[in-house]
Amino acid sequence: MSIFKDLGLSDAIVTALEALGYETPTEIQKIAIPQIISSKNDLKAFAQTGTGKTAAFSLPILEQINTSSNNTQAIILSPTRELAIQIAKNIEEFSKNQKNLHVLAVYGGADIDKQIKGLKRGAQIVVGTPGRTVDLIKRGRLVLKNIQWLVLDEADEMLNMGFKDELDKVLEATPNDKQTLLFSATFPREVEAIAKNYMSNPIEISAGTKNVGAENVSHEYYMVSDRNRYPALKRIADINPNIYSIVFCRTRRETKDIADKLIADGYNADALHGDLSQAQRDMVMQKFRNKTLQILVATDVAARGLDVTDLTHVINYKLPDQTENYTHRSGRTGRAGKKGISIALITNKEKGKLRPIERKIDKKFEFKTVPNGKEICEKQLYSLIDKIHDIDINEKEIKDYLPEIFNKLEGLDREELIKRFVSIEFNQFLSYYENSRDLNSDDSKDRDRSRSSDDSFTRFYINIGKMDDLNPARLIGFINENLEKNDVEIGQIEILKSFSFFEIDKNYSDDVLEKFKDSEFNNRNIIVEVTTKPKSRGRNRAKRNFGGGDSFRGDRDRKRGDNDRGRSERRGNRERNFSDGGERRKDSGRRRRN
Ligand code: AMP
């Protein structure tokens, strides 16, 4: 059995790891730690969430860092503030026996002066989100000339979020002789380009193609109609009385909506999305971490950085557009040797989404039927019995009341008593599920009922495109700038050669027309017009002969402050999710733009 000491780590670190309960290194740690300690070669590591990658890159850095100097020697870039904070916290824990070791997290949406003070005091390791890191470099506050290690954590995610320019800037500000460590769950073209441009002969390592926990995750799907999605979710929660789960939604609005409904229906649930203030988000996460909350309804971005190891279920209320996001989601369960279930609620129309995911995870989804009322009541009943059986009795506190209680219950035999106690809780389930209907989808009904969610958006034509160096992130930035609002939802974006299309919450249609009227982009007068959506993408292409167009289906999740606000605190950060339009691009993902 491999132990941390064998990997070349000193006692100070090994003792700290023991205190954290790290006994054996994970796959990626076994490979990366000795590699980084023994060689200055750049490293390209394939590692997914939950593989122990944070320790894999930070332990060898801690082993080699020079604590007699306060210069910043390592910079770690991470996509979100939550993840940056988490990494810095992990490093603090790993280095608790190393004197004079300072680690600092820098991220947008927080007081920059405080972070500048931290830098002045000296931090050998800085963990930053890309925007804020660039900001601090520009201000001359973060000095990278002594950097020996640059870590790009979740590189694919950073690029998906539109941080390419920021990454370029940080990479250019670091010395050539540093060691670059790139960790990514996927290696699309953009990540490979970063590796090609900024790394020299990197060693490639992989902890296998799956999450550490992936072996322990089973994948299930339920076929429901769109309108039965929510009732099915409730039944899944009801048939799993001890559920501890993240329910993933695709948009901020949907997240709020589902959480509100669950709360109103008496579930122990709350929402986590980018509309919440940092303090609110911290509070929700804290409640979820300490299990005061059982169900967390969240968007993908908001849930990143939330480090919980023992989720029983991950529920895809709606499947993400990008297959990678499914692996990120499902990888949140089945961790730390525990079994987990990843559930997808799908309509008949969405069935086609399962196959690409199955290919990616190399596992089959198992079809499940939405439980009926009788099954749920049975499960709840036995769970209640187990609870009664296992409950700790507080003899000391209860003893004073017992004589009166016995007195009141006199005359009831054992059987009668059991029935009555159990019925207190059980009756509500029985009455709720009495005459409950079958929620499993009937294909023909399903087709009629599923409603396009596009009704809530207006589609616009804009006379700029790829020729104007427009990309989705820039277009979002431009929309944000003109609308001067940060809570307007954007739908689909299509960037074509000389013009583009975008969708905006229809309540803001007039605003768009009005505010874009006199605007300019790269010295071009802007024309924006309302347009209608073509019936099908294929027809659209053929008819108009659109060469080289990039399509993105937005998940309508634009939020503020999930990540780095970077330079844009004046205007507020605009962020939304994009995902692949499904035809040619692999690079669409969440994007944010200042
Ligand atoms: P990461 O992939 O770095 O986010 O780590 C995922 C989870 O696994 C975190 O909760 C870590 O604290 C935990 N972890 C990482 N390495 C080990 C290890 N060798 N032993 C036990 N837990 C670990």
Side-chain angles (χ1 to χ4, degrees), residues 1-9 13-34 36-37 43 45-63 74 76-96 103 105 125 127 151-158 181-186 205-217 244 246 285-286 288-291 300 303-311 314 324 327-340:
M1 189 172 74
S2 173
I3 54 168
F4 281 103
K5 202 163 172 44
D6 296 344
L7 302 181
L9 298 171
I13 295 176
V14 173
T15 321
L17 294 177
E18 278 166 6
L20 291 170
Y22 286 26
E23 284 170 9
T24 48
T26 65
E27 277 308 300
I28 194 81
Q29 290 163 3
K30 270 188 231 164
I31 310 168
I33 295 171
I36 302 170
I37 291 179
L43 187 82
F46 174 97
Q48 298 185 334
T49 312
T51 51
K53 62 187 166 57
T54 314
F57 60 72
S58 46
L59 296 177
I61 293 177
L62 285 172
E63 186 59 42
I76 299 165
L77 291 181
S78 104
T80 66
R81 55 184 287 157
E82 279 81 13
L83 192 58
I85 294 168
Q86 183 65 40
I87 294 170
K89 190 172 149 257
N90 285 156
I91 295 178
E92 263 169 23
E93 289 166 345
F94 300 151
S95 64
K96 70 170 189 188
V103 54
I125 303 178
V127 190
V151 181
L152 302 173
D153 189 23
E154 305 209 352
D156 51 351
E157 205 51 41
M158 287 196 278
L181 312 171
L182 183 150
F183 284 73
S184 199
T186 56
I205 63 168
S206 164
T209 51
K210 292 176 193 151
N211 273 341
V212 165
E215 287 303 335
N216 292 330
V217 182
Y244 179 48
I246 302 182
M285 287 204 236
Q286 192 51 35
F288 191 59
R289 270 193 210 103
N290 64 28
K291 300 194 176 157
D300 292 275
R304 294 200 79 80
L306 177 65
D307 185 29
V308 280
T309 43
D310 44 0
L311 292 183
V314 159
E324 275 94 32
T327 30
H328 279 306
R329 289 179 177 185
S330 60
R332 296 186 148 271
T333 183
R335 290 188 180 183
K338 300 207 170 90
K339 294 237 177 288

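Everything quoted here is computed from the prediction, not taken from an experiment. When a ligand or atom number is given, it counts from 1 through the structure's own listing order. For reference, positions follow the sequence shown, starting with 1.
- Counting heavy atoms under 4.0 Å from ligand 1, residue Gln29 touches it through the side chain alone.
- Of the possible donor and acceptor atoms, none in the side chain of Tyr22 sits under 3.5 Å from a partner among the backbone N and O of Val14.
- At a 4.0 Å heavy-atom cut-off, ligand 1 touches Phe4 through the side chain alone.
- Listed here is the closest heavy atom pair of Thr26 and Gly52: OG1-CA, 4.1 Å.
- Side-chain polar atoms of Ser78 and Asp153 form no donor-acceptor pair below 3.5 angstrom.
- Nearest protein neighbour of atom 3 (O) of ligand 1, counting heavy atoms only, is Thr54 OG1, 2.6 Å.
- Atom 10 (O) of ligand 1 has as its closest protein heavy atom Asp307 OD2, 3.2 Å.
- No side-chain donor-acceptor contact under 3.5 Å links Thr54 to the backbone of Ile87.
- Taking every heavy atom of Gly52 and a limit of under 4.0 angstrom, the matching atoms of ligand 1 come to 1 (P), 2 (O), 3 (O), 5 (O), 15 (C), 16 (N).
- Of all the heavy atoms in Glu92 and Val103, the pair that sits closest is CG-CG1, 3.5 Å.
- Under 4.0 angstrom from ligand 1, the non-hydrogen atoms of Thr24 all belong to its backbone.
- Within a 4.0 Å radius of atom 8 (O) of ligand 1, the protein contributes no heavy atom.
- With distances taken over non-hydrogen atoms, the option nearest atom 17 (C) of ligand 1 out of Tyr22, Phe94, Phe57 is Tyr22.
- When only non-hydrogen protein atoms are considered, atom 6 (C) of ligand 1 lies nearest to Gly50 CA, 3.7 Å.
- Between Ile33 and the choices Ile37, Ile36, Ile31, the side chain to side chain contact (heavy atoms under 4.5 Å, CB included) rule is met once, by Ile37.
- Between Glu27 and Lys30, at least one side-chain nitrogen of the basic residue sits less than 4.0 Å from a carboxylate oxygen of the acidic one, meeting the salt-bridge criterion.
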